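Side-chain atoms are counted along with the backbone in the values below, which use heavy atoms only and exclude waters and symmetry mates. The first residue in the sequence is number 1, and the count goes up from there. Just so you know, these numbers come straight off a predicted model, no measurement behind them.
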Amino acid sequence: MDKLTPEQRHLCMANIRSRNTKPEIIVRHYLFSKGFRYRLNHPRLPGHPDIVLRKYRTVIFVNGCFWHGHDGCRLYRLPQTNVDFWRDKITRNIRRDKEEQQKLAKMGWHCITVWECQLKPSVRQTTLEALVYTLNRLYLEDRRPRCYAPVEEDSMGMAAESVMTEDW
């Protein structure tokens, strides 16, 4: 059973904000210290990503494990009260996250999700270094010179090629 009264629980849940969370600030400070420049919660992109790196065509979502239903995480546990409401809410969040990432991918953006549990002190440095490594790989991959295979002359005629007949 819940240790708090319904009014206290309501106040606790109402005070949880979606922007400028501690995990998001950790990621932002690390990226800025490594020289990355970004925009926050871009209003014209689907889902208003937490961090937008235009130069890298990459968006970063910093997700809370509870609110976004992180499978297999110890921080994701359904409350024991009002279970149906919470299950539906978290399922909707997961579905919405997938749809937004698909829209961003169709627009040519790379999507990275950093989970709250990956920013705990014991694994934080590894996660942030992996994030920087991934961003650098994406940047280099997008700007890699493309090698196109030459077109065989036999398979494709010239656009203005005349048809030769026996009369000529």
Side-chain angles (χ1 to χ4, degrees), residues 1-139 141:
M1 202 63 200
D2 199 2
K3 296 178 183 178
L4 301 175
T5 67
E7 293 80 23
Q8 290 172 325
R9 177 60 62 199
H10 176 75
L11 285 173
C12 286
M13 298 309 276
N15 284 327
I16 297 173
R17 299 292 169 220
S18 63
R19 294 183 183 184
N20 297 325
T21 61
K22 185 176 179 181
E24 186 180 333
I25 290 172
I26 289 170
V27 173
R28 288 178 4 203
H29 282 225
Y30 188 80
L31 289 176
F32 194 87
S33 73
K34 295 298 178 186
F36 292 92
R37 299 301 178 254
Y38 49 81
R39 294 287 173 255
L40 301 177
N41 308 102
H42 198 285
R44 287 191 285 173
L45 290 176
H48 306 284
D50 298 319
I51 299 170
V52 178
L53 298 135
R54 286 183 52 205
K55 177 179 177 181
Y56 299 84
R57 297 245 347 128
T58 302
V59 297
I60 301 173
F61 291 97
V62 183
N63 287 347
C65 295
F66 171 74
W67 296 103
H68 296 271
H70 189 197
D71 262 347
C73 179
R74 64 178 182 82
L75 299 177
Y76 170 55
R77 200 181 77 221
L78 283 176
Q80 294 177 352
T81 57
N82 209 359
V83 177
D84 292 334
F85 167 78
W86 286 109
R87 184 180 300 115
D88 292 343
K89 179 172 182 55
I90 292 171
T91 303
R92 283 193 315 267
N93 287 350
I94 293 169
R95 190 177 326 117
R96 187 191 65 231
D97 290 343
K98 287 179 184 177
E99 290 170 1
E100 289 166 353
Q101 288 186 3
Q102 288 172 351
K103 288 177 188 175
L104 287 163
K106 286 180 184 176
M107 294 169 65
W109 289 86
H110 302 284
C111 297
I112 299 174
T113 301
V114 178
W115 292 97
E116 174 186 11
C117 63
Q118 295 173 328
L119 296 172
K120 295 296 179 191
S122 60
V123 293
R124 180 182 301 161
Q125 193 63 30
T126 305
T127 301
L128 295 173
E129 288 173 0
L131 178 63
V132 169
Y133 176 78
T134 302
L135 289 171
N136 287 326
R137 288 287 306 247
L138 289 172
Y139 180 78
E141 188 67 28

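Contact between Leu104 and Pro49 at its shortest, heavy atoms only, is CD1-CG, 4.4 Å. Pairing each heavy atom of Arg96 with each of His68, the nearest pair is NH2-CE1, 4.2 Å. Closest approach of Val62 to Glu24, counting heavy atoms only: CG1-N, 3.7 Å. Across Pro46 and Lys103, no two heavy atoms sit closer than the pair CG-CB, 3.9 Å.
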- Task: Could you go through the side-chain contact (heavy atoms from CB on, under 4.5 Å) check for Asn63 and Asn93 one step at a time?
- Result: CA-CA 11 Å; Asn63 287 347; Asn93 287 350; over 6 Å; no
- Tell me, with the steps shown, if Asp50 and Asn41 meet side-chain contact (heavy atoms from CB on, under 4.5 Å). CA-CA 5 Å; Asp50 298 319; Asn41 308 102; 3.8 Å; yes
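Counting heavy-atom neighbours within 6.0 Å of Tyr133 OH, excluding the residue itself, gives a total of 12 or less. A 6.0 Å sphere centred on CZ of Arg37 holds more than 12 heavy atoms belonging to other residues, nucleotides or ligands. Annotation: Arg54, atom CZ; neighbour count of heavy atoms from other residues, nucleotides and ligands within 6.0 Å does not exceed 12.
Asp97 contributes atom CG, which lies 12.5 Å from atom CZ of Arg92 (distance to the nearest 0.5 angstrom). Rounding to the nearest 0.5 angstrom, the gap separating the CG atom in Leu131 from the CD1 atom in Ile60 is 4.5 Å. Interatomic distance, NE2 of His110 versus CG of Leu53, reported as 11.0 Å (0.5 Å rounding). In this structure, Cys111 SG and Gln102 CD are separated by 10.0 Å, a value rounded to the nearest 0.5 Å. Between atom CG of residue Leu31 and atom CG of residue Leu135 there is a gap of 6.5 Å, rounded to the nearest 0.5 Å. Atom NZ of Lys55 and atom CZ of Phe36 lie 8.5 Å apart (nearest 0.5 Å).
Residues passing the side-chain contact (heavy atoms from CB on, under 4.5 Å) test with Glu99 are Arg95, sequence neighbours excluded. For Phe61, there are no ring-ring contact (aromatic ring centres under 6.0 Å, His included) partners two or more places apart in sequence or in a different chain. Trp109 meets the ring-ring contact (aromatic ring centres under 6.0 Å, His included) test with no other residue; sequence neighbours excluded.
Taking 4.5 Å as the limit, some side-chain heavy atom of Leu128 sits within range of a side-chain heavy atom of Leu119. Glu129 has its side chain out of reach of Lys34: every pair of non-hydrogen atoms, C-beta onward, lies at least 4.5 Å apart. For the pair Phe66/Trp86, a side-chain contact is recorded, criterion being any heavy-atom separation below 4.5 Å from C-beta on. Residues Ile51 and Arg28 have side chains in contact (heavy-atom distance under 4.5 Å, counting atoms from C-beta outward).
Looking at Glu116 and Thr21, their side chains never bring a donor and an acceptor atom within 3.5 Å of each other.
Ring geometry, His70 versus Trp115: the interplanar angle falls under 30°, so the pair is classed parallel (tilted spans 30 to 60°).
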